[in-house]
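To start, the structure itself, in structure tokens.
For reference, positions follow the sequence shown, starting with 1.
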Amino acid sequence: MEVKIGVQYAARELVVETDETIEAIEKLVAEAVTSKSVLTLLDRKGKHVIVPAEKIAYVEIGTGTVGAVGFRS
């Protein structure tokens, strides 16, 4: 699942590829925003992405780039 996170005052959005479901991501975002804590996502490579909830401008959840042509790391 591809998650795009817009961060206030940042020129670029964060893009995270994760194995979480849409429902799980929605729940994590809602909990972080409600409790004014941090949003923590685990990407497919095992890295943690942590964003302060008060800096989140938007979250876009969709399918990843399966079958893309080119170099991927």
Side-chain angles (χ1 to χ4, degrees):
M1 191 66 49
E2 182 179 80
V3 181
K4 293 180 183 179
I5 305 169
V7 181
Q8 294 177 6
Y9 310 114
R12 294 176 39 178
E13 61 194 10
L14 297 174
V15 179
V16 180
E17 289 282 338
T18 183
D19 292 324
E20 295 287 341
T21 63
I22 291 174
E23 294 81 14
I25 296 166
E26 288 175 349
K27 184 178 177 185
L28 289 170
V29 172
E31 288 173 356
V33 171
T34 303
S35 65
K36 298 181 181 178
S37 59
V38 295
L39 171 62
T40 303
L41 295 174
L42 181 65
D43 75 0
R44 288 186 175 160
K45 295 180 183 179
K47 297 178 187 175
H48 289 270
V49 177
I50 302 170
V51 181
E54 66 269 5
K55 298 297 182 186
I56 296 174
Y58 65 89
V59 177
E60 183 180 308
I61 305 168
T63 58
T65 55
V66 178
V69 178
F71 297 101
R72 306 261 310 158
S73 57

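Nearest heavy atom pair, residue Ala53 against residue Ala32, reads CB-O, 3.2 Å. Minimum heavy-atom separation, Ile25 to Ile61: CG2-CD1, 3.5 Å. Minimum heavy-atom separation, Glu2 to Glu17: OE2-OE2, 3.4 Å. Scanning all heavy atoms of the two residues, the minimum distance from Gln8 to Ile56 falls at NE2-O, 4.1 Å.
Residues satisfying the side-chain contact (heavy atoms from CB on, under 4.5 Å) test with Glu23, not counting sequence neighbours, are Thr21.
Rounded to the nearest 0.5 Å, atoms CE (Met1) and CZ (Arg44) are 8.0 Å apart. A distance of 9.0 Å separates CG of Asp43 from NE2 of His48, quoted to the nearest 0.5 Å. Rounded to the nearest 0.5 Å, atoms CD (Glu20) and CD1 (Ile22) are 12.0 Å apart.
Follow the hydrophobic side-chain contacts under 4.5 Å out from Val3 and you reach Val33 in the same cluster.
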Evaluate Leu28 against Leu39 for side chain to side chain contact (heavy atoms under 4.5 Å, CB included), listing each step before the verdict.
CA-CA 7 Å; Leu28 289 170; Leu39 171 62; 3.9 Å; yes
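Counting heavy atoms from C-beta outward, Val49 and Thr18 have side chains that stay 4.5 Å or more apart.
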